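Some notes on the structure that comes next.
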Amino acid sequence: MVGYAFMGAAHSQAWRTVNRVFDLPLHVRMTAVCGRDEASVAAAAERLGWDEHTTDWRSLVSRADIDLIDVCTPGDSHAEIAIAALAAGKHVLCEKPLANTIAEAREMAAAAVRAEANGVRSMCGFNYRRVPAVTLMRRMVADGRIGEIRHIRAAYLQDWITDPQFPLVWRLQKDKAGSGALGDIGAHIIDLTQFVTGQHITGVTALTETFVKERPLPQASSGLSAAAGDGNGGTPATGPVTVDDAALFLARLNGGAIATYEATRFATGRKNGLRVEINGSRGSVAFDFERMNELEFYDATEPSDEQGFTRILVTEPDHPYLSAWWPPGHGIGYEHAFTHQARDLVEAIAAGSGPTPSFADALQVQLVLDAVIRSAERGSGWTDVEPILAEVAA
Ligand SMILES: NC(=O)c1ccc[n+]([C@@H]2O[C@H](COP(=O)([O-])OP(=O)(O)OC[C@H]3O[C@@H](n4cnc5c(N)ncnc54)[C@H](O)[C@@H]3O)[C@@H](O)[C@H]2O)c1
């Protein structure tokens, strides 16, 4: 695994757990973790349960006793690490968004197709797909329970940078993160809604905003928390924010649905508010991550005097992934979706099949992000999503 902070901890938890919860055909060994600072990565290896540590990710890629590389670094290093790992015959799990640019994402998808010919698998870490209520939502939509889909309403709301004194961490720098709220959390609701509906976004009209354009430089930069540096003379040195704080867009999907998306880090009071509602000709489904063990379902085929939104408690053994966990009514949490991700990847590798979301799937999300940025730059003009080239999609 490369990178050991927020996602590194979540993925480590999944790798530690997956063989103990699920009955898998392969046994996961947590061989080595990589970071840039010797002392910190040594401590992380100890804390997270990795046998060894290194400060050189290339040494992992060339080791014969390593079969899979898990990329948990910021987007500016995804392409280099993932492409080198695939070329060396290692399966790859790469965090989202797949890359920082379309060019990188296309190269990664092409590398994944070349590797696949040799039985080498790759997957992008859109973990919210594997929250059981979300997977159930997809199953119900596919089974026709809400009929023809008309509306998709998706929002991913956070508030961790509303304070203008919050420092300029890597997520606020385009060269490190690619984009802001759009690629970080907007990517999740793009993937989630496309996964649930089976439809793809074909075009968008978008606007983005950067509310705070200059921020103090950080003392030490980590994921979602950091301390502002004290510049000489007590005045913190500042730097420009080069990404969006918020991104909103309307979209059309290839199956006829129309959609609204909102991704923001300025929704004061909303910490990790991921909400999706889908309205169809026969009913509706709605999910709110703050109540992640529940799914709301409205069945418009019921007698009119009995209709109403039903709260499905998604904790039954018949629900996706849940037969391996606790008795009905004993909910699961944020980390479980990562264990489900690890399970599905290991099972796909053992079965010799392609895990999803593939790098091609993640490239398609990246193309939507790119269309949003292009639309916003052109005063919100309608912008088609570029198609994935056929050789990559295959
Ligand atoms: N799936 C999700 O829900 C989710 C949530 C948060 C972040 N992410 C994604 O995960 C990735 C990492 O985000 P994070 O929140 O864990 O960030 P983070 O800042 O918490 O951790 C990044 C880690 O990468 C290491 N690192 C940075 N550059 C490196 C390099 N060149 N070589 C080796 N190590 C390097 C850092 O030392 C740190 O350990 C990003 O792509 C982000 O978009 C996904």
Side-chain angles (χ1 to χ4, degrees), residues 1-14 32-45 47-48 50 53-61 69-82 84-85 92-101 104-105 108 123-131 134 156 158 160 167-192 218 220-226 243 263 265 271-272 274 289 292 333-342 345 357 362 365-366 369:
M1 187 176 78
V2 191
Y4 54 79
F6 179 19
M7 277 309 101
H11 286 219
S12 297
Q13 155 90 17
V33 61
C34 171
R36 292 164 299 175
D37 176 72
E38 170 71 30
S40 306
V41 71
R47 189 176 67 252
L48 300 174
W50 295 86
H53 67 271
T54 177
T55 54
D56 176 16
W57 63 262
R58 286 190 173 77
S59 71
L60 302 182
V61 166
I69 304 283
D70 184 359
V71 184
C72 291
T73 57
D76 61 338
S77 52
H78 288 186
E80 189 182 17
I81 300 170
V92 173
L93 171 59
C94 182
E95 260 306 334
K96 49 49 63 180
L98 187 63
N100 278 2
T101 65
E104 285 173 347
M108 293 171 79
M123 181 200 238
C124 186
F126 283 111
N127 55 300
Y128 289 107
R129 283 179 173 218
R130 292 179 161 95
V131 171
V134 173
Y156 199 155
Q158 298 184 340
W160 55 280
L168 191 67
V169 294
W170 69 260
R171 277 185 162 81
L172 307 181
Q173 299 168 35
K174 188 174 180 193
D175 59 333
K176 303 271 190 328
S179 66
L182 176 63
D184 191 19
I185 52 179
H188 273 301
I189 46 175
I190 293 167
D191 179 71
L192 191 157
S221 159
S222 75
L224 301 176
S225 62
V243 299
R265 293 162 169 168
K271 304 301 170 185
N272 198 47
L274 191 172
F289 184 70
M292 64 172 286
Y334 175 64
E335 70 273 26
H336 293 72
F338 293 94
T339 308
H340 303 159
Q341 177 172 278
L345 177 55
V365 172
Q366 203 86 33
L369 301 178

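Computed over heavy atoms, backbone and side chain alike; hydrogens, waters and symmetry mates excluded. All values derive from a computational prediction rather than experimental measurement. All ligand and atom numbering here is 1-based and tracks the order in the structure.
Only side-chain heavy atoms of V2 come within less than 4.0 Å of ligand 1; its backbone N, CA, C and O stay farther off. If you look at K96 next to ligand 1, the close heavy atoms, those under 4.0 Å, come from the backbone and the side chain alike. By the criterion of a heavy-atom distance under 4.0 Å, the side chain of R171, and not its backbone, is placed next to ligand 1. No part of F126 comes within 4.0 Å of ligand 1, judged by heavy-atom distances. If you look at A10 next to ligand 1, there are no close heavy atoms at all, none under 4.0 Å.
Residues satisfying the salt bridge (charged side-chain N to carboxylate O under 4.0 Å, His left out) criterion with E80, sequence neighbours excluded, are R58. Remark: A85 pairs with V61, I69, K90, V92 by the side-chain contact (heavy atoms from CB on, under 4.5 Å) rule, at least two apart or across chains.
Atoms of ligand 1 found under 4.0 Å from any heavy atom of G3 (numbered from 1 in listed order, with element): 23 (C), 24 (O), 25 (C), 39 (O). Here is the list of ligand 1 atoms found below 4.0 Å of a heavy atom in Y334: 3 (O). Those atoms of ligand 1 with a heavy atom of G125 less than 4.0 angstrom away are 1 (N). If you number the atoms of ligand 1 from 1 as listed, the ones under 4.0 Å from a heavy atom of F6 come out as 5 (C), 6 (C), 14 (P), 15 (O), 16 (O), 20 (O). Below 4.0 Å from some heavy atom of N127 lie the following atoms of ligand 1, by number and element: 1 (N), 2 (C), 3 (O). Set against the non-hydrogen atoms of P97, the atoms of ligand 1 under 4.0 Å away are 43 (O). Interface of C72 with ligand 1, defined as ligand atoms under 4.0 Å from a residue heavy atom, comprises 12 (C), 22 (C), 23 (C), 24 (O).
Side-chain contact check for S59 and D56: no donor-acceptor pair (N or O, by modelled atom type) lies under 3.5 Å. Side-chain atoms of D191 and Y128 form no donor-acceptor pair, as typed in the model, at a separation below 3.5 Å.
Taking all heavy atoms of R36, K176, Q341 into account, the minimum distance to atom 31 (N) of ligand 1 is reached by R36. Distances from atom 24 (O) of ligand 1 to the heavy atoms of P74, C34, A337 show the closest one on P74.
Residue contacts with ligand 1: H78 is placed with a nitrogen or oxygen under 3.5 Å of a nitrogen or oxygen of the ligand (distance criterion only). Residue T73 places at least one N or O, backbone or side chain, under 3.5 Å from an N or O of ligand 1.
For the pair A177 and ligand 1, no heavy-atom separation below 4.0 Å is found.
Rounding to the nearest 0.5 angstrom, the gap separating the CG atom in L192 from the CZ atom in R129 is 8.5 Å. Separating the CG atom in L345 from the CZ atom in R130 is a distance of 8.5 Å, to the nearest 0.5 Å. Here the straight-line distance linking atom SG of C94 with atom NE2 of H78 works out to 4.5 Å at 0.5 Å rounding. Put simply, CG on D184 and CG on L369 are 10.5 Å apart, with the number rounded to the nearest 0.5 Å.
Across all their heavy atoms, M108 and A82 have their closest contact at CE-CB, 3.7 Å. Across C34 and W57, no two heavy atoms sit closer than the pair SG-N, 3.4 Å.
A distance-only check finds a donor-acceptor pair linking the side chain of Q366 to the backbone of A99 [under 3.5 Å].
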